[in-house]
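Report on the structure given below.
Ligands are counted one by one from 1 in listed order, and the atoms in each one are counted from 1 as well.
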Amino acid sequence: MNIFKKTIFTGFSPNLTLRDTLLAVSFLVLPWKWFFIRRGNNVSVVEREIEKYFNIKHCYTFDSGRSALYFILKALGVKSGDEVLVQAYTCMVVVNAIKWTGATPVYLDVNDDFNLSVADLEKKISARSKALLVQHTFGLACPMDQVMQIAKNNNIFVVEDCAHAFGAKYNGQFVGTFGDAAILSFGADKVISSVRGGAVITDNEEISKALKSYQDNLPLPRIGKTIQHLMHYPIFLKGRLFYSLYLGKLILGLAKKINLINKIIYKEEKMGEQVSFYPAKYAHSLARILLNQLKDADRINQHRKKIAEYYDGNLKNAKIVSPWLNKIKKEDCIYLRYPLLAEQARALRAYGKINGVILGDWYNSVIAPIDIDFSKTDYNAGSCPKAEQLAERSVNLPTDRHIDLKAAKRIVDLLNKF
Ligand SMILES: Cc1ncc(COP(=O)(O)O)c(C=O)c1O
């Protein structure tokens, strides 16, 4: 690795800005802000802003997208004995949220575009199906007209998982506004971030009442946890900057080891268990940071499209294919990441790393991350063959605000030589 060349990341806190870092640090060092680290009116301010953005009646924030999902399922009355349809090629925290309601996840296979297969949905929907979770993977919308029709015919609830797709559209309408409700995630690697956070949006008054009561009864997040989230900013800022000098890696490794920063997914969650400190309310300081991010959302999504367009036009290696190329409605997709398929995905990621380009590995397992306890997922190996194939071959490219056309060219040149 050339230590004088800036490392290019996929993920690694892709929405980090100096402005947000200064804001986070201000909560840590200014004594008059300490009281407002967890409590304050920014939580409701950001909820109202999100309602305006989507032109939807209700938004309720939670500590994370996974908690938001747990509470929306509960609000819909999902319980033991019910089935929740969910696509394979998803994240363990999604599965946990379903299982913690007592329901059973029923996995749907996917298409080449990484989204659920409508044909498999029609096959697996049953009298026990209570809800369908629709994941708009990497920012590409599922065919919502077909999905909603099937759900209506079978009288089941639809929850849209917009963790990857804040601002994406289907036929010109925001995803998240088709189903009975939708979840949003403000995790570090998502479209807009406050390191951790999530929300439910809905137009349904009854669901809204239930969500309000769940939210009201939650504790504030622990102060130690919120400090970890704020510490994420200065540490990742330095970590990104000095990564190629090995110093960045050291800073990040050390910060994780001594619990100065949070984990995206905890060991207990990988084992299908709940952690003691969540679910909780969303913190005021993080909501303040999200307000900044919200203002940037459309501009950043436009930027993502521009970078994706560059990849579309310049990747020319028959060993690495873009399954979306010439197949999707580009103007509606927000390209949280630019997904590729390669026969030698692992070798490709290793080759990228040696050359200072950390390629993404979403999702390198049919339920990610790869080191979970699969016995806790109710997933039967072989039941979603396409999702398994994609997981073997997935590699993703960054499209975030830190990637300019020069960086995109560096990535493309590297990939074309592989
Ligand atoms: C597809 C998908 N849905 C939901 C979530 C949950 O979001 P959060 O990390 O905010 O809990 C994730 C998170 O990692 C995800 O990848």
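Note on ring orientation: taking the six-membered ring where Trp is involved, the planes of F138 and Y89 are perpendicular (angle over 60°, cut-offs 30° and 60°).
For G65, a nitrogen or oxygen atom sits less than 3.5 Å from a nitrogen or oxygen atom of ligand 1, counting backbone and side chain alike.
Here the heavy atom of the protein found nearest to atom 3 (N) of ligand 1 is D161 OD2, 2.6 Å. Scanning all protein heavy atoms for the shortest distance to atom 7 (O) of ligand 1 gives S185 OG, 3.4 Å.
For the pair K319 and F418, the cation-pi criterion (under 6.0 Å, within 45° of the ring axis) is fulfilled. A cation-pi arrangement, defined by a distance under 6.0 Å to the six-membered ring centre and an angle within 45 degrees of its axis, is absent between R288 and F36.
Side chains of K225 and Q228: a donor on one and an acceptor on the other come within 3.5 Å. Side-chain N/O atoms of D180 and N204 include no donor and acceptor closer than 3.5 Å.
Near K190, meaning under 4.0 Å from any of its heavy atoms, are these atoms of ligand 1: 7 (O), 9 (O), 12 (C), 13 (C), 14 (O). When each atom of ligand 1 is checked for a heavy atom of G197 under 4.0 Å away, the hits are 10 (O). Below 4.0 Å from some heavy atom of V94 lie the following atoms of ligand 1, by number and element: 2 (C), 3 (N), 4 (C). In the vicinity of R66, heavy-atom distances shorter than 4.0 Å reach the ligand 1 atoms 6 (C), 7 (O), 8 (P), 9 (O), 11 (O). Applying the 4.0 Å criterion to heavy atoms of Y363 picks out, from ligand 1, the atoms 1 (C), 15 (C), 16 (O).
Considering Q135, Q87, R196 only, the shortest heavy-atom separation from atom 1 (C) of ligand 1 involves Q135.
In this structure, E269 does not pair ionically with K263, as no charged nitrogen and carboxylate oxygen lie closer than 4.0 Å.
E268 meets the side-chain hydrogen bond (donor to acceptor under 3.5 Å, both in side chains) test with no other residue; sequence neighbours excluded.
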